[in-house]
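First the structure, in the form of structure tokens, and then the observations on it.
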Amino acid sequence: MNDAITDVAGVRVGHCTVRRDPDVRTGVTIVVPPDLPLFAGSHVLNGNGEMTGLAWVRESGMLTTPIGLTNTHSVGVVRDALVEAVDPEAWALPVVGETYDGFLNDINGMHVKREHVFAALEHAHDGPVEQGCVGSGTGMICHGFKGGIGTASRRGADFVVGVLVQANHGRRGRLTIGGDNVGAWLDHIPLPGAPEGAGSIIVIVATDAPLLPHQCERVAQRAAFGIARTGGAGENSSGDFMLCFSTGNRRVSDADIARKLPDDRIDDLFYAAIEATEAAIVNALLHAETTTGRNGRVAHALPKESVSGS
């Protein structure tokens, strides 16, 4: 086990980091599920953001493409590149989520290009996942510290639940790790200066449990509790999008009979999704490094020694 979303068999993750001094701090991360299409469901905690393709996920209950993550102003190019990568002759509605990295990154420079999406897809692999200031997480800020990509996994009801987050949300004073309000006693570390509570988080949940679309939606909802356990609150200016897909029913066609986890066993999946989301956010913080970006702005890393006992 890698304590990562890739612990769900067949799931792969690829990054392409776009970093150039003095002010380019961005990139692309791609989550590649196996054997598309797959049953899926989504949840929005607060909607000040974008995740393309969700209307069709909700309507059909199916995820039909890899999932792209990037910055707010690069959603279009990532979506278009995924259309081309999946099949330039086929119909596609790619799922692409975003959070805003414009405090550290020259976001209006449009530095993410189609070739970066192709590179992330080419580098997608199972096994350990690089975390922190990598791929789409390069310029992200979380709870007043340097944030980015985090991942974790847990077991529930004899199945694996894996989570990957793009953490760019929260307020310093609310940061809670292991039940301790650590943000309240780390106020001596300078804040980056970005508006607190105005960021966003994307949560991708994968599981090998045989879930139907409405069950995927229920698991996606529970990821919001993992955000809350670390101090997130879905503030007014936050865009908090959660998507869950199941690899337990693969290549289901009209002629197939889909399997369904009994609802009286689903609570353990809820707990696993909550705990993996909480751990993924903490991992994003612990793996991130202090970053200087646009206009000399600095986002400090969370001091690992300060929370080692939490």
Side-chain angles (χ1 to χ4, degrees), residues 5 8 10-11 31 33-69 93-98 151-166 169 200-229 232-234 238-254 256-278 280-281:
I5 194 171
V8 178
V11 176
V31 178
D35 297 331
L36 292 165
L38 294 172
F39 287 147
S42 63
H43 178 67
V44 179
L45 179 61
N46 194 70
N48 192 347
E50 179 65 271
M51 181 177 273
T52 68
L54 281 196
W56 182 238
V57 171
R58 294 190 186 102
E59 180 73 17
S60 67
M62 304 292 280
L63 175 67
T64 58
T65 70
I67 302 162
L69 303 176
L93 281 176
V95 173
V96 180
E98 57 78 26
T151 189
S153 70
R154 296 292 185 269
R155 294 194 66 87
D158 298 321
F159 299 101
V160 178
V161 177
V163 169
L164 182 139
V165 302
Q166 179 166 300
H169 67 293
S200 304
I201 182 170
I202 304 295
V203 184
I204 308 300
V205 183
T207 181
D208 56 6
L211 302 184
L212 297 181
H214 74 281
Q215 294 177 305
C216 290
E217 181 177 351
R218 297 182 72 196
V219 173
Q221 289 172 348
R222 270 55 182 194
F225 289 108
I227 297 172
R229 284 173 67 156
S238 190
D240 314 297
F241 290 77
M242 285 133 265
L243 177 73
C244 172
F245 64 86
S246 165
T247 67
N249 284 304
R250 297 197 187 185
R251 296 191 178 278
V252 177
S253 69
D254 291 340
D256 294 324
I257 298 176
R259 297 184 299 150
K260 174 182 181 291
L261 182 75
D263 285 336
D264 60 7
R265 296 182 61 201
I266 203 169
D267 282 352
D268 285 340
L269 290 186
F270 292 165
Y271 304 146
I274 293 166
E275 293 170 10
T277 302
E278 176 185 22
I281 294 168

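Atoms considered below: every heavy atom in the structure, side chains included; atoms not considered: hydrogens, waters and symmetry mates.
- Side chain of Ser200 to main chain of Gly239: a donor-acceptor pair is present (N/O by atom type, distance under 3.5 Å, no hydrogens or angles).
- Residues forming a side-chain contact (heavy atoms from CB on, under 4.5 Å) with Ala206 (at least two apart in sequence, or on another chain): Ile5, Val8, Val11, Phe245.
- Heavy atoms only, all atoms of each residue included: Cys216 and Gly41 are closest at CB-N, 3.3 Å.
- The nearest pair of heavy atoms linking Val160 to Thr207 is O-OG1, 2.9 Å.
- Listed here is the closest heavy atom pair of Ala280 and Ala152: N-CB, 3.7 Å.
- The backbone N or O of Ala258 sits nowhere less than 3.5 Å from a side-chain atom of Asn249 that would complete a donor-acceptor pair.
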Donor-acceptor list for residues 261-273 side chains, cut-off 3.5 Å, not counting sequence neighbours:
| residue | atom | partner | partner atom | Å |
| --- | --- | --- | --- | --- |
| Asp263 | OD1 | Gln215 | NE2 | 3.0 |
| Asp263 | OD1 | Lys260 | NZ | 3.4 |
| Arg265 | NH2 | Ala157 | O | 3.0 |

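- Distance alone, capped at 3.5 Å, is enough to place a donor-acceptor pair between the Ser246 side chain and the Ala209 backbone.
- Side-chain contact between Arg155 and Val161: absent, with no pair of heavy atoms (C-beta onward) separated by less than 4.5 Å.
- Across all their heavy atoms, Gly61 and Pro213 have their closest contact at O-CG, 3.4 Å.
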Would you list the atom pairs, donor with acceptor, under 3.5 Å between side chains in residues 46-55 and any protein atom, with sequence neighbours excluded?
| residue | atom | partner | partner atom | Å |
| --- | --- | --- | --- | --- |
| Asn46 | ND2 | Glu235 | O | 2.9 |
| Asn46 | ND2 | Asn236 | O | 3.1 |
| Asn46 | ND2 | Ser238 | O | 2.6 |
| Thr52 | OG1 | Pro94 | O | 2.8 |
| Thr52 | OG1 | Val96 | N | 3.0 |

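- From Cys244, atom SG reaches atom CD of Gln221 across 10.5 Å, with rounding to the nearest 0.5 Å.
- Across all non-hydrogen atoms, the minimal contact from Val203 to Ala223 is CG1-CB, 3.9 Å.
- Checked against side chain to side chain donor-acceptor pair (under 3.5 Å), Arg222 has no partners two or more places apart in sequence or in another chain.
- Judged as a side chain to side chain donor-acceptor pair (under 3.5 Å), and not counting sequence neighbours, Ser42 has no contacts.
- Here the straight-line distance linking atom CD1 of Ile204 with atom CG of Leu69 works out to 5.5 Å at 0.5 Å rounding.
- Every residue was checked against the salt bridge (Lys or Arg N to Asp or Glu O under 4.0 Å) condition with Glu98, not counting sequence neighbours, and none meets it.
- Residues Phe39 and Pro210 have side chains not in contact (no heavy-atom distance under 4.5 Å, counting atoms from C-beta outward).
- Evaluation of the side chain to side chain donor-acceptor pair (under 3.5 Å) rule for Arg218 yields no partner, not counting sequence neighbours.
- Rounded to the nearest 0.5 Å, atoms CD (Glu217) and CE (Met242) are 11.5 Å apart.
- Summarising the geometry of Leu36 relative to Leu63, their closest heavy-atom pair is CD2-O, 3.4 Å, with the distance given to 0.1 Å.
- Separation of atoms CD1 (Ile201) and CD1 (Ile227) is listed at 4.5 Å; rounding is to 0.5 Å.
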